[in-house]
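Working notes, structure below.
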Number of protein chains: 2
Amino acid sequence: MSLKHAILVLLDKKPGSGYDLAQRFGGGIGNFWHATHQQVYQELKKLSSDQLVEFEVHTQAERPDKKVYRITSAGRTVLKTWLKQPIKLARINSTLLVKIYAAHLADPVELDKELGQHIVDHQQKLAEYAELERLYFSADAATRRKQRMPYLTLRSGIRYEWTWIEWMKEVKQLLANDALPEKPMMELLAKAAKAKH
Amino acid sequence: MSLKHAILVLLDKKPGSGYDLAQRFGGGIGNFWHATHQQVYQELKKLSSDQLVEFEVHTQAERPDKKVYRITSAGRTVLKTWLKQPIKLARINSTLLVKIYAAHLADPVELDKELGQHIVDHQQKLAEYAELERLYFSADAATRRKQRMPYLTLRSGIRYEWTWIEWMKEVKQLLANDALPEKPMMELLAKAAKAKH
DNA sequence: ATAGCCATGTAACCAGTTACATGATTGA
DNA sequence: TCAATCATGTAACTGGTTACATGGCTAT
């Protein structure tokens with residue numbers, strides 16, 4: 001489990017309310033770790049009873065009161081211990097790949113449409129990332145240095161979306177032409193890598 | 001949920017016992033849909049009570065008896081209906097990215113070691129995929145045509161591992177040199193794409 | 001001997017999703 | 001007036017992981 005740790009990471013960067021954290025999981029870190037507000041509130045309760053976080057109630061006029069959480073030193077210890085532990089290879093569960101695997105049962109027209117929609121969705125995501133990258137590069141050197149870790153995760157996202165889009169386009173075209181790939185993927189990638197030098 | 005559908009897909013290709021399916025989830029389809037034997041047995045029980053699959057007990061000498069499951073026509077209908085339904089954008093939960101995001105709290109030496117290990121793990125996976133691809137290309141044209149959908153999923157796996165490895169190598173090097181990326185990722189990818197023509 | 005394969009399962013727990021619930025303020 | 005934002009939660013359910021349990025056969 002890592003929701004626990006993801007929350008500790010966020011609170012270490014900056015204290016905040018459950019609502020706050022839920023917002024942050026909806027963008028930025030949300031691109032590689034998803035959580036809903038229900039999960040966040042539950043987890044905060046647990047973390048709080050384990051004294052890894054603590055909170056203060058902020059009474060607000062005009063807005064509902066809120067509990068502002070911050071990480072405790074015990075929490076920071078847990079976080080650092082977690083960072084030291086090697087993680088297991090992530091396992092992928094991709095519905096789209098299961099569908100492609102079973103595509104002989106599907107209606108080709110529908111499948112083509114679905115791939116098309118998927119390509120659009122991922123292109124949109126990529127455009128979002130591209131804009132964030134543009135912003136990053138327009139910041140001054142000090143800010144860029146401070147933000148380098150989040151930026152590196154963004155680079156991962158860009159590569160990921162790009163690759164995924166390339167693959168989907170390839171599949172869409174092959175299915176449309178009822179064709180097979182001509183060359184092994186490994187060969188194509190090796191050639192592209194060489195071309196860089 | 002898709003374990004249900006993944007099982008139906010597998011049984012549609014070929015009937016088999018729970019043990020059998022669990023093996024198949026450990027390789028091939030397991031590369032993009034993971035399931036343990038406990039999950040498989042539970043799910044088969046549900047599918048069976050919903051009459052989407054049926055089984056026959058095969059008594060074996062020298063081996064434990066087994067239940068050989070096959071998909072029913074109701075199951076095939078459910079499967080086809082599912083194939084028609086558009087799927088939502090997959091959400092990613094990547095522990096490694098959370099760690100990188102929080103890397104300012106980590107010991108650089110440990111982080112470097114962990115990245116190194118991860119690179120090795122993924123290179124191993126990639127080598128596995130490369131071997132499978134070699135096998136695919138050494139088959140005759142008819143076999144290649146029949147296996148094209150599984151092969152397309154393999155291509156996705158190859159691209160995925162390759163990209164992931166490239167990113168990790170980049171991060172490892174940047175951290176080792178305490179450097180920042182010089183050029184936007186979008187620019188680098190666009191240039192590489194152009195070079196193909 | 002010992003490990004690994006074949007074969008099936010239960011049970012407890014942990015994590016994640018969906019639905020329900022409330023209620024004030026602000027802006028279109 | 002209607003939707004969105006701020007703010008917090010409960011409850012039911014579904015899905016996934018880990019541990020436990022059994023037991024014979026085969027190959028080293």
Side-chain angles (χ1 to χ4, degrees), chain A residues 1-8 15-27 29-30 32-50 52-53 55-69 82 87-95 98, chain B residues 1-8 15-27 29-30 32-50 52-53 55-69 82 87-95 98:
Chain A
M1 205 272 288
S2 279
L3 172 56
K4 178 175 163 178
H5 305 108
I7 288 179
L8 289 174
S17 65
Y19 185 84
D20 238 15
L21 291 174
Q23 298 298 106
R24 289 160 82 184
F25 276 112
I29 198 176
F32 49 86
W33 197 275
H34 175 265
T36 61
H37 85 268
Q38 293 91 338
Q39 268 178 286
V40 170
Y41 285 119
Q42 288 305 127
E43 197 63 42
L44 280 172
K45 201 191 274 182
K46 275 188 232 165
L47 287 169
S48 177
S49 82
D50 293 348
L52 303 181
V53 303
F55 66 89
E56 235 177 41
V57 176
H58 283 215
T59 316
Q60 302 181 108
E62 322 269 295
R63 294 240 160 280
D65 296 355
K66 60 179 174 180
K67 297 180 188 169
V68 176
Y69 290 86
W82 173 73
I87 55 189
K88 294 174 221 161
L89 261 197
R91 40 185 60 149
I92 307 158
N93 278 28
S94 165
T95 309
V98 174
Chain B
M1 202 271 288
S2 278
L3 172 56
K4 179 175 163 180
H5 305 108
I7 288 179
L8 290 176
S17 66
Y19 185 85
D20 238 14
L21 291 174
Q23 298 299 105
R24 290 161 81 184
F25 276 112
I29 197 176
F32 50 87
W33 197 274
H34 174 266
T36 61
H37 85 268
Q38 292 91 336
Q39 269 178 286
V40 170
Y41 285 120
Q42 289 304 128
E43 197 64 42
L44 280 172
K45 202 191 274 183
K46 274 188 233 164
L47 286 170
S48 177
S49 82
D50 293 348
L52 304 181
V53 303
F55 67 89
E56 235 175 44
V57 177
H58 283 213
T59 316
Q60 302 180 108
E62 322 267 296
R63 293 240 162 279
D65 295 354
K66 62 178 174 182
K67 297 181 188 167
V68 176
Y69 290 85
W82 172 73
I87 55 189
K88 294 174 220 161
L89 260 198
R91 41 185 59 149
I92 307 159
N93 278 28
S94 165
T95 310
V98 174

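Sequence lines set the chain letters: A, B, ... in the order given, protein chains first and strands last, and positions in each chain run from 1. Remember, predicted model here, so these are calculated numbers, not experimental data.
In this structure, Y19(B) does not reach the dT8(C) phosphate: none of its side-chain N or O atoms is under 4.0 Å from OP1 or OP2. Between dT26(D) and R63(B), no contact under 4.0 Å exists linking OP1 or OP2 to a side-chain N or O. Distances shown here put every side-chain N or O of Y41(A) at or beyond 4.0 Å from the OP1 or OP2 atom of dG9(D). Checking the phosphate oxygens (OP1, OP2) of dA15(C), no side-chain nitrogen or oxygen of K4(A) falls inside 4.0 Å. Residue S17(A) has a polar side-chain atom (N or O) positioned under 4.0 Å from OP1 or OP2 of dT8(D).
Under the side chain to side chain donor-acceptor pair (under 3.5 Å) criterion, Q42(A) pairs with no residue, sequence neighbours left out.
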Sub-3.5 Å pairs of nitrogen or oxygen atoms, protein against nucleotides 11-14 of chain C:
none

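Residue contacts for D20(B): at a heavy-atom cut-off of 4.0 Å it reaches no nucleic acid atom on any strand shown.
Both K45(A) and Q60(A) lie near DNA chain D, and the one whose nearest nucleotide falls closer to the 5' end is Q60(A). Nearest-nucleotide assignment on DNA chain C puts the 5′-proximal partner with G18(B), out of R91(B) and G18(B). Toward the 5′ end of DNA chain C lies the nearest nucleotide of W33(A), the other residue of the pair W33(A) and P64(A) mapping further downstream.
The K66(A) side chain lies nearest to dA7(D) when the options are dG16(D), dA7(D), dA7(C). Relative to the side chain of H34(B), the nucleotides dT17(D), dG16(C), dC6(D) differ in distance, and dT17(D) lies closest.
Straight-line distance from the NE2 atom of H37(A) to the P atom of dT18(C): 13 Å, rounded to whole Å. Distance, R24(A) CZ to dC6(D) P: 14 Å, rounded to whole Å.
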